[in-house]
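Beneath this line is the structure, given in structure tokens, with notes to follow.
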Amino acid sequence: MHDPTTIEAKWQAWWEANRTNEPDLDGAARPYYNLMMFPYPSAEGLHVGNLYAFTGADFHGRFRRLRGHDVFQPIGFDAFGIHSENYALKVDIHPMELIPRSIANFTRQLRRSGIMYDWSRTVTTTDPEYYRWTQWIFLQLHRAGLAVKKEAPVNWCPSCKTVLANEQVEGGRCERCTAEVGQRLLSQWFFRITEYAERLLANLDWIDWSSSTLTAQRNWIGRSEGALIRFALAGEGDGAAGVEAAGGAEGAGDSEVAEQADGTNPAIEVFTTRPDTLFGATFMVLAPEHPLVEALTTEDRRAEVEAYRTAAAAIDLVERRKTEERTKTGVFTGGHAVNPATGERIPVWIADYVLMEYGTGAIMAVPAHDQRDFEFARQFGLEIRPVVAPPEVVAAAADPAAVDLELGDAAFVAHAAGEQLVNSGAFSGLHAEEGGERIVAWLGERGLAEPQVNFRLHDWCISRQRYWGPPIPILYCDACGTVPVPEEDLPVVLPHLERFKPGDDGVAPLAKDASFYEAACPSCGGAARRETDVSDTFLDSAWYFLRYPSTDFDDRPVDPGRTRRWLPVDMYIGGEEHAVLHLLYSRFITMVLHDLGHLPFEEPYERFRKHGLIIREGAKMSKTKGNVVNPDEYIDRYGADAFRTYLMFLGPYQEGGDFRDSGIAGPQRFLSRTADAVRAAVATGATGFPDPDVERAVHATIRQVTGDFETLSFNTAIAALMELLNALRAGGRVPTVDEVRPLVVMLGPIAPHLADELWEELGGTPSLFEHARWPEHDPAKLRTDEVELPVQVNGKLRATVSVPRGATEEAAREAALAREGVQRHVADGEVVKVVYLPDRLLNFVVR
RNA sequence: GCGAAAGUGGCGGAACCGGUAGACGCGCCAGCCUUAGGAGCUGGUGGCCGCAAGGCCGUGGGGGUUCGAGUCCCCCCUUUCGCACCA
């Protein structure tokens, strides 16, 4: 049993003294930027989940390095944000004191893990020299018109009188005082990421990412094609429940509608993906906070409408999104609008199932063909009128303009498989999809509709009414208005506030520090007030990878030369939990900086691979369950090499796996036996490949392991090396140094300390990672003269026979039939067919 | 509800284009060695029948395609994750 502690300390010191892990950023010939998601340095220390992620990325980086690349593998700390702030509040230690401690602890843990970090180029987001450039990025977006101020709702605890982050709301209640949480409108800064929605979506077609991550991004962006349709408001008495429009396209454009579309009377605009169902729109629904509600509401309905709006506003943002089991609620406003297709007066309701944030905040309700509208109509007894039907129903009807379609308990939503329009005037009988286009075109002539694309992606709210973040670099001046802080005045330093708790009065912590917010207007020199919100942590992490190669430049965020050489990132490995927000935001920021001329590329990560989640004995790790793995304990006990090997062996890296204490014994034995075998080989000094079977095993393993590393299949790579070791030691044989050398090199990415030690013992110049090359397999060495041919009868395996490579079918048959087990089954009937795949398989088909 | 992924021994997991299911490891069993220690070494280990040779069954369930299906197609069940009334 070898003692890992000594050699791990030895090699860590060696690597550091010789700057083994610090590539020459200006001279590297084959730069390879291997990025991993930098951690949030929690006070509890490094989590095994972090280490799992980093270890896999390190396997990849070290592999690339042994393949001849100059690998840059930096690390940093994402240290701003609500987690740190809340923890600091809990333990009552100021974050400016707590964070450096946590970072020191993380650094200690990471340094002993054997990961090939370049410690000379770290990035910490809370460092003013870093967030100076975070603020600079804000200013670039502001100047480009991509940072704007808008009103937006936040979670609001009426008892604590404070803004709450979504994480602080539990079951609709404040996690601290359990009061019911509501919403409040605040003026906040937004980045207009929606301007980039189309490009962010389009580029997903060519970047090389894990497919599930691409799907998640596509869904999040949520592009839908449809139409914007305008429904004129109907006056109190006019617009009889007319049906004349049902006569057809010509008749439908009644003068009243045309008149009202000219702007004298505001129309209700809706977005729909189903313009084909317009003739079935029997009512409308607005979001409770829709601006037209006021105007639409009739006197007799006012009290009820107001009550509903107030109640809706009191539901917090988190709860409102939880929709299961909620029955539809809503209130009639008393107002009406005109269906532009039928000319009918239809009632306008408000309901909280319509969201102000999506589309126009208003919908045309087609209960026959939308499940939500259907439920709402059933709830309130509104008309349900089918306008789309399956072709067989249409075929059976005398007139497609007057079809009676029976709906059961659900709306009929199909429309893309040949369904046809019915009860839709002149459009009746058309296929639904074509009908929809024709209806939009027809209304378009009157300015009542136009094709439109909508995204579910929202603009990115970056304002946080908290303390622990970079101040937003904006000033408000009575004379000059909103004034950006001049770039030369950056950073706007976050002051050391003793009392940084979110205010009892709802204002941001920085708004209580006059020495912070009182400033001179950079434009007129008069009194101005600083923005007191800080920015979202996601902004810090949206560009950290751009900074790593340029950390030694203090006069620019990114150095053009370094950036050209190292970026975009060659490989980014990280958790799927960041599949959407972090990855999308960093793509957006990169795209904007590209457009503004600061970067020569618009996609930051050429390849992204997600890693899986690690669980503990079948259950998620959590502090409350007490099943959290502390890496320190395991490294103390088994060494970093064995721990790394086990982490990557316990399951497929991209799917995650189950951590079991007992499992670590296997990898530990494997490393120990490898050391024994190598040392035995060195002791005898025998060279060459005396045994062709062993030589073949060496080459087969090289091929297998190389392929596995390419696809991040680390578990099978380790298994293949274990197999090789078993072959080298089979029957108590002692391997030669030549047999063992490729094993040691391939062990490099897995157990770097031991591999470097054994490399040295084999007579190599340290470090392995500087002087060894990944072995290549020789295809000629894989060939055998004899092959084991599986023989089947009717697809069932009956024997395997040894035949010469490339044997003819006759020869193979003869060899197979010579076997009694085959003969017996073949003799049962007549051989009607023989399937022969040379060197692979022989199958007799017997009837 | 929508989206994504996955169901294989006692356990973690292998299996490239359909072609010897269970590699590798844990655990377990037997043996060896030993100052019995949770060390090391050797061999065995899917289930059932059989002294054996060998046979039958077997990749969540049910159908199908094929000489041949863990792998492809259809239906169903279960689990995990993400989104959550997106019009």
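Side-chain atoms are counted along with the backbone in the values below, which use heavy atoms only and exclude waters and symmetry mates. All of these numbers come straight from a predicted model, not from anything done at the bench. Lettering follows sequence order; numbering is per chain, from 1.
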Pick base, sugar-phosphate or nothing for Arg703(A), based on heavy-atom distances below 4.0 Å to the nucleic acid. nothing
By the 4.0 Å heavy-atom rule, please label Thr800(A) as base, sugar-phosphate, or nothing. base
Closest listed nucleotide, where the reference is the side chain of Pro652(A) and the choices are A87(B), A14(B), C24(B): A14(B)
Hey, does Asn715(A) reach any base, or is it just sugar-phosphate, or nothing, if we go heavy atoms under 4.0 Å? sugar-phosphate
Using OP1 and OP2 only, check whether a side-chain N or O of Ser224(A) sits under 4.0 Å from A87(B). yes
Evaluate the ring planes of Trp460(A) and Tyr585(A), with Trp represented by its six-membered ring, and classify them as parallel (under 30°), tilted (30 to 60°) or perpendicular (over 60°). parallel
When the C1' atoms of G82(B) and A69(B) are considered, how many whole Å apart are they? 32 Å
For atom P, what is the distance between C77(B) and G61(B), given to the nearest Å? 15 Å
What integer number of Å spans the C1' atoms of C16(B) and A23(B)? 14 Å
From C-beta outward on Thr716(A), which listed nucleotide comes closest to its side chain: A14(B), G3(B), C24(B)? A14(B)
Shortest side-chain distance from Thr272(A), nucleotide among G55(B), A87(B), U20(B): A87(B)
Per the ring-ring contact (aromatic ring centres under 6.0 Å, His included) rule, what does the pair list look like for residues 641-664 of chain A, sequence neighbours excluded? Tyr52(A)-Tyr653(A), His611(A)-Tyr653(A), Tyr634(A)-Phe643(A), Tyr634(A)-Phe659(A), Tyr646(A)-Phe659(A), Tyr653(A)-Phe714(A)
Sugar-phosphate, base or nothing in reach of Arg673(A), heavy atoms under 4.0 Å: sugar-phosphate
Gln371(A) (side chain) and G1(B) (base): donor-acceptor pair under 3.5 Å: no
In whole Å, I'd like the distance from the CZ atom of Phe714(A) to the P atom of G12(B). 22 Å
So, OP1 or OP2 of C11(B): does either fall under 4.0 Å of a side-chain N or O from Arg660(A)? no
Polar side-chain atom of Ser210(A) near backbone of Lys610(A) as donor-acceptor pair, under 3.5 Å: yes
What's the closest nucleotide to the side chain of Ser662(A) if the choices are G54(B), C26(B), A87(B)? C26(B)
With a cut-off of less than 4.0 Å, is there a side-chain N or O of His369(A) near OP1 or OP2 of A87(B)? no
Work out how far the P atom of G47(B) is from that of C11(B), and round it to whole angstrom. 12 Å
Taking only the C1' atom of each, what is the distance from A5(B) to G44(B) in whole angstrom? 37 Å
With respect to the side chain of Thr273(A), which nucleotide from U20(B), A87(B), C24(B) is positioned closest? A87(B)
If you measure from the C1' atom in G60(B) to the same atom in U8(B), how many Å do you get, rounded? 10 Å
Intermediate values then yes/no, salt bridge (Lys or Arg N to Asp or Glu O under 4.0 Å), Asp676(A) and Arg729(A): CA-CA 10 Å; Asp676(A) 290 349; Arg729(A) 300 169 4 115; 5.7 Å; no
Counting side-chain heavy atoms from C-beta on, which of A4(B), G12(B), U42(B) comes nearest to Leu650(A)? G12(B)
Does OP1 or OP2 of C57(B) have a side-chain N or O of Lys796(A) closer than 4.0 Å? yes
Looking only at the side chain of Val354(A) (C-beta and beyond, no hydrogens), which of the listed nucleotides A87(B), A4(B), A23(B) gets closest? A87(B)
Starting at atom CD1 of Ile750(A), determine the distance to atom P of C24(B), rounded to an integer number of angstrom. 16 Å
Students often get this wrong, so: under 4.0 angstrom with heavy atoms, is Asn843(A) touching a base, only sugar-phosphate, or nothing? base
Side chain of Met722(A) only, please: which of A15(B), A87(B), G25(B) is the nearest? G25(B)
Using a heavy-atom cut-off of under 4.0 Å over every strand shown, decide if Glu723(A) touches base, sugar-phosphate, or nothing. sugar-phosphate
For the residue pair Asn454(A) / Ser224(A), report whether a side-chain donor-acceptor contact shorter than 3.5 Å exists. no
Less than 3.5 Å apart, any donor N or O on the side chain of Ser713(A) or Thr711(A) sitting next to an acceptor on the other? yes
Taking the side chain of Arg840(A) as its heavy atoms from C-beta onward, which of C17(B), C26(B), C11(B) lies nearest to it? C17(B)
Scan His578(A) against the nucleic acid and name what it touches under 4.0 Å (heavy atoms): base, sugar-phosphate only, or nothing. nothing
With a non-hydrogen cut-off below 4.0 angstrom, is Asp373(A) in contact with a base, only sugar-phosphate, or nothing? nothing
Does the pair Asp205(A)/Arg218(A) count as a salt bridge with the N-to-O cut at 4.0 Å? yes
Compare the minimum distances between each of C24(B), C56(B), C67(B) and the side chain of Val845(A), then state the nucleotide with the smallest one. C67(B)
Whole-Å gap separating C1' (C85(B)) and CZ (Arg456(A)): 10 Å
If you look at every strand shown and take non-hydrogen atoms under 4.0 Å, does Arg218(A) touch a base, only sugar-phosphate, or nothing? nothing
Between G63(B) and A15(B), how many Å separate the two P atoms, rounded to a whole number? 29 Å
Which value, in whole Å, describes the distance between the C1' atoms of nucleotides G7(B) and G13(B)? 13 Å
